[in-house]
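This report refers to the structure that appears directly beneath it.
We name chains A, B, ... by the order of the sequence lines, and we start the count at 1 in each one. This one's a predicted model, so the numbers in the text were calculated from it and none came from an experiment. Hydrogens, waters and symmetry mates play no part in the numbers below; they use all other heavy atoms, side chains included.
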There are 2 protein chains.
Amino acid sequence: MTMQSGRFDLGTLILPRPYLLFLGDATERGFAKTALGLADWAPDLCIGEYGLPGCTVTAGLPRLTPAEAREKGARALVIGVANVGGVIPDQWMDALVDALEQGFDLVSGMHAKLVSFPRLAQVAAQTGRQLIDIRTPPQGIPIATGRKRSGKRLLTVGTDCALGKKYTALAIADAFKARGIDADFRASGQTGIMIAGSGMPMDCVISDFLAGAAEILSPDAPPEHWDVIEGQGSLFHPAYATVSLGLLHGSQPDVFVVCHEVGRTQILGVNGYTLPSIPQVIEQTIAMGRLTNSAIRCAGISLNSSSLDDAAATVEIERLSAELGYPVADPIRRGPAFDRLLDACLS
Amino acid sequence: MTMQSGRFDLGTLILPRPYLLFLGDATERGFAKTALGLADWAPDLCIGEYGLPGCTVTAGLPRLTPAEAREKGARALVIGVANVGGVIPDQWMDALVDALEQGFDLVSGMHAKLVSFPRLAQVAAQTGRQLIDIRTPPQGIPIATGRKRSGKRLLTVGTDCALGKKYTALAIADAFKARGIDADFRASGQTGIMIAGSGMPMDCVISDFLAGAAEILSPDAPPEHWDVIEGQGSLFHPAYATVSLGLLHGSQPDVFVVCHEVGRTQILGVNGYTLPSIPQVIEQTIAMGRLTNSAIRCAGISLNSSSLDDAAATVEIERLSAELGYPVADPIRRGPAFDRLLDACLS
């Protein structure tokens, strides 16, 4: 475990805060998903937003120049917009250089690395600012020890990728805190890390260190403290199951919540893979997870029911709960079903 | 998938051959494990050995100067000796520089990268030679597709690390060939790659690409061709299960052989982890492996019985076979038990 230029603490990634969200020249909300998610989930971290001429998208935050945002205390300019191809277009470059010169660190979750742009690297060196590529994992991640850590842990797992594991973990961590429970959301992916201001980009870690990375993501804590850990992938995804397993073994969760989306029948992004059933996910998660925590248990199901109206969602949630014998809730709809899921997590 | 300076073919690592084995100034055989393994398993690839003054270890090969070895056709100087700390000691440096100047590429599986030594990097650039760090994975590894590939595949799995998965795969591939079967050993670790002359250093691959790396390690092949794939780690190892799972999913084996060592009761290198039973390993390997190959089956057990004499090994092999209902054999002792294991693999 190493400390490195203020970016790292015990091996996890720590971002300078608060943020000014950079929207580039975006004209479609779909490309500004990162900014919209940050404004939703981390409003306290977001001082404002900054768009170039031509930008028509807003995250609903005050529109500020970099100079105004600096005055209000912003420390990092977060690239909150994706570009086709994941690269930094030429028309953003002057604005990014200007931000460095005004004292901002730059934060990016894009595939293209900030440090790979010579002009940014040069200006960052001259100004002493940081270029933080969230897809670059911290140095000094140890090999996992398998040692049981103190404190309690909840992990969100899934029947597939991209159906609500981050959202569910955020909602549960928030609800735990609202009940007066000492809890932390632990981010394991790019957007989650920006929301939390720290975390571990699990999908970028070298294989041998994957479970070790999950171990340092949720360190020893007081006995009644809960780490609510953002899951990744699925044990049933032929490309990403390894990341899911490293997170499961290293997180050694006491409790897991299975995330599923109404109507999803095929694994995303691969051909010919049928979605596992929820009972299959529960069984396999327990079978693999008990290696590092013999007391692992399923608390219930987080159902992404965004394709249904309220009445249909309520029917489906009750039907599934009766079928499976577990609490089922949609964390976006909340209500009594979500309270029952939280009770089951804590019981 | 990329081609890069002759080192890479379809994303796997390809080494220049044949080798001159560098023994440094080693005085203990234990530090020369790589050279000894290469001389044992790849004698056709090894032109000779080269020790510095003071070296008292031999791999049993002709002792040659680099100039003599070049005349006999050697193309790569392989660092066949480990140093405490995994670094290149100063007293080796002149010899390595001299080898580059005489036209050798350098090959290393050490943790310290050859390319990180400025003097080596400079001479390699001047002479146009390659510095090949086997622990640096090839560029351009794709995300796994999960697509079923043609040809047949066997994977060795284990109750733990370091108990015979590489040796078993080598022995089975050799025995298949001796029976006239079209077969290839596929290496997934440093020493295996040196033995095979190509392969994929699975433990160094970025997590997201792990199953994809295993997919390109055993590409489409004729229907009756067998790839015999070196396993890594164990699904029951709290640090390395992820590498095992990526290899299992990406290899999509038709057949697996469980490797176990007589008397091993605790997982190596971690505290408090009991070895799984062989039936547990069979069950979990099938449960996870059927995701990418629904026909996966266990052919039998490879038992490392090196702690027993011949008579005791025979008794233990028969006892275990009766207990488990699978063929059991020690690939080092061979004999009829090994033939029965091969029959079960091919049946």
If you tally heavy-atom pairs under 4.5 Å between each of A/Thr145, A/Asn271, A/Ile267 and chain B, the highest tally belongs to A/Thr145
Cut-off 4.5 Å, heavy atoms of chain A, and the answer for B/Phe236 is both
- Does B/Gly164 offer a backbone N or O that forms a donor-acceptor pair with the side chain of B/Asn304 under 3.5 Å? no
Heaviest contributor of heavy-atom pairs below 4.5 Å to chain B, chosen from A/Gly269, A/Ala213, A/Ala239, A/Ala241, is A/Ala239
One option among A/Pro238, A/Gly212, A/Ala144, A/Ser207 has the most heavy-atom pairs under 4.5 Å with chain B, and it is A/Ser207
Within the structure provided, determine whether A/Val258 and A/Cys298 are in side-chain contact (heavy-atom separation under 4.5 Å).
yes
Heaviest contributor of heavy-atom pairs below 4.5 Å to chain A, chosen from B/Leu291, B/Thr292, B/Val270, B/Thr274, is B/Leu291
Whatever's closer than 4.5 Å to a heavy atom in chain B on A/Val205 counts as both
The interface call for B/Leu248 against chain A, heavy-atom contacts under 4.5 Å, is neither
request  = Output yes when a side-chain donor or acceptor of A/Ser116 lies under 3.5 Å from a complementary backbone atom of A/Lys113, and no otherwise.
outcome  = yes
| Going by an N to O cut-off under 4.0 Å, is there a salt bridge joining B/Lys152 and B/Asp227? | no
- Message: Checking the side chain of A/Arg186 only, and the main-chain atoms of A/Gly199 only, is there a donor and an acceptor separated by less than 3.5 Å?
- Response: no
Q.
Could you check whether B/Asp220 pairs with B/Arg147 (Lys NZ or Arg NE/NH1/NH2 to Asp/Glu carboxylate O, under 4.0 Å)?
A. yes
